[in-house]
Structure formats: structure tokens, C-alpha cells
Student: 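My questions will all concern the structure given below.
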Amino acid sequence: MDESTDSFRQRVFQIIAAIPAGSITTYGDVALLAGSPRAARQVGGILSRLPQGTKLPWHRVLNRHGGISLPGEGFLRQKTALEAEGIEMDNQGKVDLDRYRWRW
DNA sequence: CTCTTGACGAAAC
DNA sequence: TGTTTCGCCAAGA
């Protein structure tokens with residue numbers, strides 16, 4: 001498919017690809033930027049089906065509370081990826097949104 | 001067309 | 001306060 005194909009998923013890809021290293025955003029913000037403010041759930045659905053080895057920085061997307069929504073081992077993989085960029089989580093597994101939130 | 005599925009979020013308990 | 005319920009909507013079957 002050519003990359004100009006317009007769909008919610010394509011827009012989500014572009015938006016997430018634009019998140020700078022060391023910053024994070026939320027499912028809700030991605031949905032908002034993609035033009036569908038209440039489709040945060042769909043954003044998660046899209047990320048859950050990313051192919052292995054994707055270059056998309058999916059780990060920079062967190063939930064409304066700055067926490068990781070991924071269950072099980074995914075939690076650790078995302079946490080590790082974030083810490084590798086200098087993003088630290090508190091003892092409750094949440095990042096400081098005021099400090100790391102991506103402003104566009 | 002209907003029906004299901006969710007890496008969500010806000011409201012209601 | 002923490003936990004549960006309910007509304008949301010893109011995509012695929």
C-alpha cells in the first residue's frame with residue numbers, strides 16, 4: 001500500500017513516529033491528534049497488532065495516568081525501553097506526565 | 001448491513 | 001480514596 005492511504009491507523013503511525021526520544025504521550029493524545037478524540041482505545045488496539053521489529057517508538061505511549069497498560073512481560077519490555085531513554089518511573093510504575101509529556 | 005473486539009478514559013459506586 | 005461499570009469507536013468478520 002502506498003503511504004498516502006488515509007486511515008486512522010496510518011495517522012496514528014505518523015504521530016507516534018514523531019514523538020521525540022525522551023518524551024512520552026498518552027493514548028488519548030494520539031487519538032486527539034489523529035482526529036478522533038474519543039478513540040484512545042483504538043490506538044491501543046493498533047499498537048497491540050504491530051509487527052515484530054517495527055521501528056515505531058510504541059513504548060513512548062502510556063495511559064492517562066502515565067502508567068504502562070501492557071500486561072505481563074510487555075510491561076517490563078516497555079519499562080526497560082523507557083528507562084533506556086532516560087525516562088524514570090516512580091515506585092508505582094508511573095512517569096511524571098508534567099515532566100515527560102510531549103508538547104506538540 | 002450487524003456484531004465483536006479491545007496496550008482507553010471518565011463516571012459511578 | 002480504590003474499584004467497577006459504562007461509553008466510546010476503528011476495523012475486521
Side-chain angles (χ1 to χ4, degrees):
Chain A
M1 284 305 269
D2 66 80
E3 52 225 50
S4 65
T5 300
D6 185 35
S7 68
F8 183 76
R9 184 170 41 122
Q10 291 293 332
R11 295 198 293 281
V12 166
F13 285 149
Q14 292 191 320
I15 291 161
I16 294 179
I19 306 170
S23 293
I24 60 89
T25 192
T26 63
Y27 296 98
D29 278 354
V30 173
L32 178 66
L33 288 174
S36 198
R38 279 155 292 172
R41 202 172 186 179
Q42 282 58 254
V43 175
I46 289 166
L47 294 189
S48 74
R49 283 171 251 152
L50 284 176
Q52 278 189 331
T54 178
K55 297 174 221 64
L56 209 69
W58 55 269
H59 57 277
R60 296 179 191 149
V61 185
L62 301 172
N63 64 33
R64 190 70 182 93
H65 309 292
I68 292 173
S69 295
L70 231 100
E73 9 181 300
F75 179 94
L76 198 56
R77 292 218 331 289
Q78 182 165 15
K79 184 184 177 196
T80 302
L82 289 173
E83 291 177 334
E85 301 188 340
I87 298 172
E88 297 174 33
M89 308 191 79
D90 62 22
N91 52 335
Q92 297 176 67
K94 301 203 279 186
V95 312
D96 185 341
L97 287 174
D98 292 328
R99 181 178 167 187
Y100 295 107
R101 169 103 98 171
W102 173 43
R103 287 43 143 141
W104 61 90

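Note that the coordinates shown come from a computational prediction; the quantities given were computed from them, not determined experimentally.
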Student: Taking the P atom of each, how far is dC8(C) from dA12(B), in whole Å?
Tutor: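 Those two atoms are separated by 13 Å.
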
Student: So for atom CZ, which belongs to R101(A), do other residues, nucleotides or ligands contribute more than 12 heavy atoms lying within a distance under 6.0 Å?
Tutor: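 Yes - once you tally the heavy atoms of other residues, nucleotides and ligands closer than 6.0 Å, there are more than 12.
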
Student: Any side-chain to backbone donor/acceptor pair from Q14(A) onto A34(A)? Under 3.5 Å, distance only.
Tutor: no

Student: Please tabulate, one pair per line, each protein N/O and nucleotide N/O from nucleotides 11-13 of chain C that are separated by under 3.5 Å, including the distance.
Tutor:
unit_1: dA11(C); atom_1: OP1; unit_2: F8(A); atom_2: N; d: 3.0
unit_1: dA11(C); atom_1: OP1; unit_2: R9(A); atom_2: N; d: 2.8

Student: Is L70(A) reachable from M89(A) through a run of I, L, V, M, F, W or Y residues, each pair having side-chain heavy atoms under 4.5 Å apart?
Tutor: yes

Student: Just the atom pairs and distances: protein N or O near nucleotides 5-7 of chain C's N or O, under 3.5 Å.
Tutor:
unit_1: dG7(C); atom_1: O6; unit_2: R41(A); atom_2: NH1; d: 2.8

Student: According to a hydrophobic-cluster definition based on side-chain heavy atoms being under 4.5 Å apart (Ile, Leu, Val, Met, Phe, Trp, Tyr only), do I68(A) and L47(A) belong together?
Tutor: no

Student: How long is the straight-line distance from CG of N63(A) back to CD1 of I24(A), given to the nearest 0.5 Å?
Tutor: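 Going from the CD1 atom of I24(A) to the CG atom of N63(A) covers 9.5 Å.
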
Student: Would you mind reporting whether T25(A) and I16(A) have side-chain heavy atoms less than 4.5 Å apart?
Tutor: no

Student: Shoot me the first and last contacting nucleotide of DNA chain B against chain A, ordered 5' to 3', at under 4.0 angstrom to non-hydrogen atoms.
Tutor: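 Contact boundaries, 5' end first: dG6(B) to dA10(B).
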
Student: Is there a path from Y27(A) to F8(A) through hydrophobic residues (I, L, V, M, F, W, Y) whose side chains come within less than 4.5 Å of each other?
Tutor: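 Yes: a chain of side-chain contacts under 4.5 Å links Y27(A) to F8(A).
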
Student: May I ask you to say what G45(A) touches in the nucleic acid, namely base, sugar-phosphate or nothing, with a heavy-atom cut-off under 4.0 Å?
Tutor: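 Answer is nothing: G45(A) stays at 4.0 Å or more from every strand.
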
Student: Which distance, rounded to the nearest 0.5 Å, do you find between the OG1 of T26(A) and the NE2 of H65(A)?
Tutor: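 Between T26(A) OG1 and H65(A) NE2, I get 10.5 Å after rounding to 0.5 Å.
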
Student: Kindly work out whether a path of hydrophobic side-chain contacts (I/L/V/M/F/W/Y, heavy atoms less than 4.5 Å apart) joins L97(A) to V30(A).
Tutor: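 No.
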
Student: Is it the case that one hydrophobic cluster holds both Y100(A) and I19(A), taking links as side-chain heavy atoms less than 4.5 Å apart, direct or via other members?
Tutor: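 Y100(A) does not cluster with I19(A).
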
